[in-house]
Amino acid sequence: VNWYYPGSYQDMPDVQSEAMGNVFFVGDLVRTRHGSWSQEKAFVTGIEAANAILGRPLDHGVIPLGADEAHVAAGRSAVSLAKQLLSGGGQRKAPSLVDFLW
């Protein structure tokens with residue numbers, strides 16, 4: 001089971017709640033700039049929450065992801081281009097069929 005859908009990133013909570021300053025979130029459902037997913041994201045967001053509680057920068061002690069390998073970067077570019085071509089090249093207000101194909 002996952003809770004992701006096209007455009008869901010904007011609806012994910014940050015590590016620290018905006019409404020209640022002493023509430024922290026961790027796991028896959030948290031919005032983070034690290035770029036990891038699954039167990040790795042749960043681990044990283046746990047470190048980020050601990051850092052927030054301790055008043056340290058969120059990325060303290062977090063090893064950044066390296067650049068994509070050439071084949072991964074090429075694949076991302078190809079998918080991005082295909083999505084742009086299939087969507088007519090413009091910004092959409094709602095998900096299209098192409099969002100569910102990738």
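Every heavy atom of this structure was used, including side-chain atoms; hydrogens, water molecules and symmetry mates were not.
With rounding to the nearest 0.5 Å, the separation of CD1 in I47 from CG in L54 is 12.0 Å. How far CG of N51 is from CD of Q16: 12.0 Å, rounded to the nearest 0.5 Å.
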Quiz item: Is there a side chain to side chain contact (heavy atoms under 4.5 Å, CB included) between V30 and M12 once you walk through the steps?
Solution: CA-CA 5 Å; V30 175; M12 294 177 172; over 6 Å; no
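Grouping the Ile, Leu, Val, Met, Phe, Trp and Tyr side chains by contacts below 4.5 angstrom, directly or via other members, places V23 with V15. L58 is not connected to V26 by any chain of hydrophobic side-chain contacts under 4.5 Å among Ile, Leu, Val, Met, Phe, Trp and Tyr, and they are in different clusters.
The list of salt bridge (Lys or Arg N to Asp or Glu O under 4.0 Å) pairs with a residue in residues 65-78, not counting sequence neighbours, reads D68-R76.
Using a distance-only test at 3.5 Å, with no hydrogens or angles considered, no donor-acceptor pair links the side chain of K41 to the main chain of G27.
Counting only heavy atoms from C-beta outward, the side chains of T45 and E48 approach each other to under 4.5 Å. Using a 4.5 Å cut-off on side-chain heavy atoms (C-beta onward), P13 and L29 make contact. Side chains of S17 and F25 form a contact here, defined as non-hydrogen atoms less than 4.5 Å apart.
Counted within 6.0 Å of CD1 on I63, heavy atoms from surrounding residues, nucleotides or ligands total 12 or fewer; the atom is thus considered open.
Contact check on R31 versus D14 returns a salt bridge, with a Lys/Arg side-chain nitrogen under 4.0 Å from an Asp/Glu carboxylate oxygen.
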